[in-house]
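Report on one structure; see the data block that follows.
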Amino acid sequence: MKTILITGGAGFIGSNFAHYIYEKYPDYRILVLDALTYAGSVENLPVDICKEFDNGRFQFWNGNVLNAELVGTLVAESDYIVHFAAESHVTRSIYDNKLFFETDVLGTQAIANAVCKYQDKVERFIHISTSEVYGTAESGAMDEEHPLNPMSPYAAAKAGADRLVYSYWSTYNIPAVIIRPFNNYGARQHLEKVIPRFVTSVILDEKLRVHGDGQSSRDFIHTDDTCRAIDMALHAPQDKVVGEVFNVGSGQHRSILSIAQDITSIMCTDKQCWVHVGNRPGQVMRHTCDYGKIKDVLGWEPCVDWDEGLKRVIRWYSENEEWWRKMLWMRGIPIITAEGKKELH
Ligand code: NAD
């Protein structure tokens with residue numbers, strides 16, 4: 001029986017990945033380590049931990065990735081590690097950036113140190129980085145060689161973590177693979193993120209808040225596709241992936257305004273139900289993924305197309321109001337701009 005440690009497994013992508021592994025690999029033992037910050041919830045896990053702490057296949061550890069002793073104990077038992085735990089919201093990083101550097105950089109260091117220490121046991125360490133490390137696209141589609149120009153404290157912290165893992169591979173030869181997902185969407189995403197915020201605004205008959213003119217564009221990939229890519233990187237032959245960086249995205253970018261239009265046209269008849277608010281400081285203007293490397297090396301390609309993915313997400317939020325009602329107050333994040341203006345983003 002293989003043991004897999006998933007950090008941040010009570011958050012959005014981490015919980016989708018925990019469900020994916022739980023369903024796909026009945027012979028794997030899953031350990032989830034999560035601090036349960038505002039972004040994590042035990043409701044997201046694939047088993048009801050009120051009923052069972054250890055059902056033989058699944059254990060939940062409510063702890064911090066900065067706790068080196070606990071991290072060491074869990075890593076020592078693990079064949080595979082997938083490290084999602086992070087502070088993940090760009091806007092929050094504008095007013096509370098210390099926490100981002102602590103969790104995202106030093107938390108990753110704690111995991112990487114433990115992987116180093118237990119290298120005889122650990123077969124693969126997947127570090128979940130992000131496309132935000134690139135900053136605004138300097139070329140059409142961005143491949144893994146695109147310069148790293150992080151534009152927000154979140155992106156800078158993730159760039160630090162990304163290069164930290166690379167340096168540990170280069171220095172200590174740890175079995176690390178770095179995945180850079182582009183923007184993810186899917187079930188159980190926190191309401192602070194744009195797609196759930198828009199969908200729930202329509203359900204509540206409120207205006208959608210669009211940053212700036214809404215022309216900044218992102219490459220959105222469904223979490224099911226991301227989970228499949230991570231699975232492939234986890235199980236690929238070592239010489240194909242260790243020490244490598246892989247982008248995971250759809251290859252298409254769409255503007256935030258066009259996303260507002262797509263959501264409103266699926267969900268309501270009033271085509272003008274959005275308002276424009278101030279632009280987000282440190283805004284990335286465009287991200288478009290070049291996923292050629294992961295396609296060539298692992299044969300991965302996105303499967304969930306935008307229309308289908310968006311309909312699935314709208315259905316999920318429509319059917320799970322109890323899950324998201326309690327986080328409504330977190331949809332707007334107050335920030336102070338460089339000019340000293342207070343804005344709700
Ligand atoms: P999320 O905010 O939904 O979940 C993060 C999880 O980490 C939460 O469950 C939280 O409780 C946990 N956590 C936070 N600090 C912790 C700590 N100190 N110790 C232990 N657990 C802690 O984030 P997400 O959107 O699921 O993102 C997961 C990972 O994927 C992050 O590393 C993020 O940078 C990366 N990523 C996200 C996206 C996206 O679009 N959501 C895109 C690219 C990369």
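Since the model is a prediction, treat every value here as computed from it, not as a measurement. Residue indices begin at 1 and follow the sequence shown. Order of appearance sets the numbers: ligands from 1, and atoms from 1 within every ligand.
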Anything under 30° is parallel, anything over 60° is perpendicular, the rest tilted; go ahead and classify [X] against [Y].
X      : Y      : result
Tyr28  : His235 : tilted
Trp323 : Trp316 : perpendicular
Phe182 : Tyr134 : tilted
Phe220 : Trp306 : tilted

Give the residue, atom name and distance (to 0.1 Å) of the protein heavy atom nearest [atom].
atom                    : result
atom 5 (C) of ligand 1  : Ala86 O, 3.5 Å
atom 2 (O) of ligand 1  : Ser88 OG, 2.7 Å
atom 29 (C) of ligand 1 : Phe84 O, 3.2 Å
atom 3 (O) of ligand 1  : Phe12 N, 3.0 Å
atom 4 (O) of ligand 1  : Gly11 CA, 3.5 Å
atom 21 (N) of ligand 1 : Ala35 N, 3.0 Å
atom 13 (N) of ligand 1 : Thr37 CG2, 4.0 Å
atom 33 (C) of ligand 1 : Tyr154 OH, 3.5 Å

Can you sort out which atoms of ligand 1 are near [X], meaning under 4.0 Å from one of its heavy atoms?
X      : value
Gly40  : 8 (C), 9 (O), 11 (O)
Asn183 : 40 (O)
Asn184 : 39 (C), 40 (O)

Set of salt bridge (charged side-chain N to carboxylate O under 4.0 Å, His left out) partners for Glu144, sequence neighbours left out: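 Glu144 satisfies salt bridge (charged side-chain N to carboxylate O under 4.0 Å, His left out) with no other residue.
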Any idea which of Leu36, Ile13, Leu70 brings a heavy atom closest to atom 38 (C) of ligand 1?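 Going through Leu36, Ile13, Leu70 one by one, Ile13 has the nearest heavy atom to atom 38 (C) of ligand 1.
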Selected option - heavy-atom contact closest to atom 32 (O) of ligand 1, from Glu192, Arg218, His190, Lys158: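 Selected option, by shortest heavy-atom distance: Lys158.
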Residue-level breakdown please: for Phe182 versus ligand 1, do any non-hydrogen atoms fall below 4.0 Å on the side chain, on the backbone, on both, or on neither?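 Answer for Phe182: backbone.
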Give the table of side-chain donor-acceptor pairs shorter than 3.5 Å for residues 98-106, with sequence neighbours excluded, one pair per line with atom names and distance.
| residue | atom | partner | partner atom | Å |
| --- | --- | --- | --- | --- |
| Lys98 | NZ | Glu102 | OE2 | 3.1 |
| Thr103 | OG1 | Leu99 | O | 3.2 |
| Asp104 | OD1 | Glu87 | N | 2.8 |

Does a side chain donor of either Ser250 or Asp219 reach within less than 3.5 Å of an acceptor in the other side chain?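 There is such a pair (donor and acceptor under 3.5 Å, judged by atom type) between the side chains of Ser250 and Asp219.
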Classify the side-chain pair Trp300/Asp225 by whether it contains a donor and acceptor separated by less than 3.5 Å.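 On atom types as modelled, these side chains do not qualify, holding no pair under 3.5 Å.
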Check Arg218, Arg180, Lys158 against Glu132 for a salt bridge (Lys or Arg N to Asp or Glu O under 4.0 Å) and give me the one that passes.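 Exactly one candidate clears the test, Arg218.
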When you measure from the heavy atoms of Ile128 to every atom of ligand 1, does any distance fall below 4.0 Å?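 Ile128 counts as a contact of ligand 1 under the 4.0 Å cut-off.
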